Structure formats: C-alpha cells, structure tokens
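The sequence lines fix the lettering, A, B, ..., with proteins before strands; numbering per chain opens at 1. Bear in mind the structure is a predicted one, so any value in this text is a computation, not a measurement.
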Amino acid sequence: MKSANGTVFKFGDNVDTDVIIPARYLNTTDPAELASHCMEDIDRNFIKNVKSGDIIVANKNFGCGSSREHAPIAIKAAGVSCVIAETFARIFYRNSINIGLPIVECPEAARQIGAGDQVSVNFDSGVITDETTGKTYQGQAFPPFMQKIIDCEGLINYINASH
Amino acid sequence: MGMTMSQKILAKHAGLDHVEAGQLIEADLDLVLGNDITSPVAIKEMDKFKHAGVFDKDKIALVPDHFVPNKDIKSAENCRCVREFARRNEITNYFEVGQMGIEHALLPEQGLTVAGDLIIGADSHTCTYGALGAFSTGVGSTDMAAGMATGKAWFKVPSAIRFNLVGKPSKWVSGKDVILHIIGMIGVDGALYQSMEFTGESVKNLSMDDRFTIANMAIEAGGKNGIFPVDELAVSYMKEHAPSRTWEVFEADADAEYEKEYTIDLSALGSTVAFPHLPENARTFDQMEKIQIDQVVIGSCTNGRISDLRTAAEILKGRHVAQGMRCIVIPATQKIYLQAMEEGLLKTFIEAGAVVSTPTCGPCLGGYMGILASGERCVSTTNRNFVGRMGAIDSEVYLASPAVAAASAVTGRISQPSEIGL
C-alpha cells in the first residue's frame, strides 16, 4: 500500500493495548474476531462506525503496555489503513512494521487533525494531507531498513526475500 | 564516546566493537521466549517461512502461564497449539502446568537467563532479566517467530537514562515503591525507546527480588530495557540457579553517554501507590484520602516471588482479611509455591482468610482468577492499572507493594503497615 485515504478517528495520550484489544478476547488469534472488539474499552462505537481505509490519529505513546500483537492485528483487520501519532510505544511500533500496518509519527499532525477530518497519507513521501482543513504535514521517514520491511509487507516476507 | 551496559551487550551480539545510540543492528539471540497468548500467533507465522524448524531447540522457552490451567475451551486450544509445537520441534524448555511458573519469575529461577545474555520475549515484561545484567526486551509475536526461526533480531541501539540509587530504604519500602516512584517522576513514556540503567551505592541494599521487580516495570515507563550492574549478590544468584551456564559481565564505560541522570535517595521514599488508570499516577500516603477496596491481589511477574510472599505473610500473620474483602495470593512458580508451603507462609495466608492459587498471570490482565465487577476496587501488586485491566471498564486497580497490599487486605482500605501497628 503506497497511500491511505480515510476518515479520522481521534484518540488521546497513552492509548494502551488493553483498551485496543482487551485481554478477555486474547483466547483467540483470529484477526476478524479480534477486529470485532477493536477499541471496545475506549470507544464502544468504533467498530460500528469504522470503514475500510479509515485512519486513527492519536497523541503520545500510542500502543503502550502489553506486547500483544493482537492489537495491531485487530486495528488492521478492522480496516484501518494508517495510524498517525505524536509518538508510539516501541513494541507496538515494531509490531506494526512487522505485520505491515502503516504507522506514521508526526506530532504536529497528531495535535492538529480533528475527529472526522478526511485525511490522506502518501507513504513514499511521508506527506500527510488534511483534506478537510487543507493543511499538510511532513511525517517522519522510516530508516531504509524498516522501509524494506514495510515494502515487503512485513518481517516474515522480508526474511524470506533476503535469505 | 563510551558505551552503556546495554550498548556493550548489543555490540557483542552483533559482532561489532562499537555501537552508538540510534544505530540499526542485527544481533544473535541467546533466548527467545513466548507464552500461551503470544506463541500461537508466532507459531502461525512460522508456517510462512521458507525454511521450517527452529534455530536452536535449547534456546527457546515456551511458558503457558497467562490463561492456565486452561480457563476456557479457546485457551485450551491455544495451549495445545503451543504444546504440540514444542513437541514437534523438541523444544527443551517447554514448561507444562505443574512444572511451570509465571515466565519472568520462572526463567531466572531455572537458570535460563544470565548476565550478558541477549534475550527477546513475546511479553512486554521480558525486561525483567536486566536484574541479572542481561539485555532483555519485549517484542511481539512476529519478532518471536523470526527469532525462533533465525536466532536473530533487529534492534535500534537505545540511548539511556541513568538512575543513581543512594540511601537505604526503610523496612516496608521495597523495589516496587522504588519503581513506582521513578515512573511517577518520569511518566509512562519517560524512558520511551531508552534503556533504564540502575546504578549507585544503594544497589547493594536491594535484594535480587527487588531488582527483578524494578527491571520488570521498566516497560511501564516506556523503557526498552532495565538493567542492573552485576555484583556479588547477582553472581551468587546465578551460581545457585545457573551453575552450568557461563556468563559475561559488562560494565558501562566511564564516559558512557546518558541522555538524563537522576539520583534517587531510597531513604526518602515512602510506600507508594499508583492510582487508576496509569502507573505514573504515583502517590504516597500523605497524598491520599481513605479509599475502600473490594479485593487484594498478591502475585504476578512483578511481585509473586518468595520475598514478596514473606513480606505479605509477616503482615497477615495472626491477622485476618477484612470482612467482605477478597485476598488472592498467587505464588509465581511451583518452586516458590513449595517453598512458601515449607516456610508455613501458605498456612498463614489461608488462616488469614486469603485464597492461594496455582501460578498464573490470571487476574493481572483480567484473564481469570479474580476479575473485578463494575465499580469494584483492587489493591494489586501487579504492574498495570489501565482502564478495564482487571475486569469491568469502570473497575479500578491500585498498584502497590506486597506490604501495602497485605496491610490493605487487613483493613479493607488502602493502608500502609504502620496503620495496623507495624
């Protein structure tokens, strides 16, 4: 995926992986089932309202807490095309790259983009455009090594391709 | 520029003389860990590799501990997936119910983690082994799968924060109070992407169990790892638990660079409680009102070790859990369970009206064995107090030391031992 375009769902600081996918659902590994409970403990209506291609925008330390990969899996399977945040917790950051969920760190965009805005992201240039307000933002570029994993759509494909 | 302890371990495992913060490296792993929640996802990913099999059957640890003994049918299927994978690949360190423990208490006890090791685990509290001078960090299931298949992982070399520990803590102040104080000071993202290196004259005043607790919660400040210098106490622990292993001691260079340095006077710390819903909401008892509670949990990878149980038993001995309260005690491993039995601690707990459970992560993450109903409050020695962490979305978890948890079980409200004459 080279770009994303969707409606924004906005969250605050320190969104932890327990609210992204509560542990009571960790007895399954099925992406669709996990997606059906995505963000349930922070926004009960999220899964009813999210459409394929939509974008999550959050403030600092998104994805903190448990290492459960079920969290980015649930977000991806819910149809979310990109997560933009001021900062990401490091395990969530790794997990997202490893499973091919596009994420972008951009403090300015994270603070200024509002819920319901229509936003597009170009993953090659890192440019984020808020089509509702007309503002553009430059997201942080990935180091080349991580970009290769992203281009392969995940770590396993990258390892298969490079060995 | 010199290197930190963490950087030296990473450099060694990447076959490099020198690394710098921010550098991306690929490094050889000494141990890859997973549990019954994260391993099934990793095992599914393993099927996608061109080359089947694991890199070294002796360097993988699989510990069903979160939802075991199986809490429901789906959990039973997940555990079977892990068990069959372990059998198929002849994994040496698979720990079945009855021989297991909570992973981060179990692996050091089994001698599988020693100084100088580079360890990844698909569990965020993998940072615990830094107490022994290892570099260990939590990852997700795909990293675990790649680690099991290749024996390698990629890392961004972290910068570091140094915590200089001075002063002797008072009787009821433990490693838990130290780390809750630090998280309160720097915040839940205060060490994001960084190493937390604990040094100073007061390290010697901390037991190994205190150090495990402190390193365990580095992740709650966003840290990549927490790490302690290897002193005589750490060496004697490894001699006892890992007699067949060789270990390598790495020391930070005198000119190692730290992004920040803090000095913490342990003698000035009081019992500390993290209020809902973040571990950074740390308060001492002069900063809180009387708060009634419904449940106490004493256990977890943070505080389910023998010294934690001894502290709790010292407080509960001859006393009783307050009327209407539930107190759940969970020894972290079978060995600790047995030791607690032999020392008479379990008798003390049961006579005090507490429940004693087989080792499990259970209530810590709202799995089972102590789920909270709507509006209920729990004082817990666990590591997270996020929204809904232990049950209903509007239940509340207050993180505390075993001493505070036990004292609170007696009074029925959040209490420190002095409130019951100790």
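Taking the side chain as every heavy atom from C-beta outward, B/F386 and A/T17 never approach each other to under 4.5 Å. Residues A/I42 and B/V387 form no side-chain contact, since every pair of their non-hydrogen atoms from C-beta on lies 4.5 Å or further apart.
At distances below 3.5 Å, not a single donor-acceptor pair connects side-chain atoms of A/N98 with backbone N or O atoms of B/T142. Panel note: side chain A/R90, backbone B/V139; no donor-acceptor pair is recorded below 3.5 Å. B/K74 places no side-chain N or O within donor-acceptor distance of the main-chain N or O of A/T28, the cut-off being under 3.5 Å.
Heavy atoms of B/L365 lying under 4.5 Å from chain A belong to its backbone as well as its side chain. Contacts of B/Y193 with chain A are made by both backbone and side-chain atoms, with heavy-atom separations under 4.5 Å. If you measure heavy-atom distances from B/I73 to chain A, you find no contacts under 4.5 Å at all. Heavy-atom distances place both the backbone and the side chain of A/L26 under 4.5 Å from chain B. Only the side chain of B/N78 comes within contact range of chain A, judged by heavy atoms closer than 4.5 Å. Proximity to chain A (any heavy atom under 4.5 Å) is shown, for B/T126, by neither the backbone nor the side chain. Both the backbone and the side chain of A/N160 have a heavy atom closer than 4.5 Å to some heavy atom of chain B. With a threshold of 4.5 angstrom between heavy atoms, B/I37 approaches chain A through its backbone and through its side chain. With a 4.5 angstrom heavy-atom cutoff, A/Y93 touches chain B only via side-chain atoms. Only the side chain of A/I73 has a heavy atom closer than 4.5 Å to any heavy atom of chain B.
Counting only residues at least two apart or on different chains, the salt bridge (charged side-chain N to carboxylate O under 4.0 Å, His left out) pairs with a member in residues 119-132 of chain A are A/K2-A/D124. Screening residues 7-29 of chain A for salt bridge (charged side-chain N to carboxylate O under 4.0 Å, His left out) gives A/D18-A/R68, A/D18-B/R389, A/R24-A/E40, A/R24-A/D41 as the qualifying pairs, with residues at least two apart or on separate chains.
Scanning residues 52-64 of chain A against chain B with a 4.5 Å heavy-atom cutoff picks out A/K60, A/N61, A/C64, ordered by number.
Side chains of A/N27 and B/D72: a donor-acceptor N/O pair is present below 3.5 angstrom, by distance only.
Every side-chain contact (heavy atoms from CB on, under 4.5 Å) that B/S159 has, sequence neighbours left out, goes to B/A21, B/Q194, B/E259.
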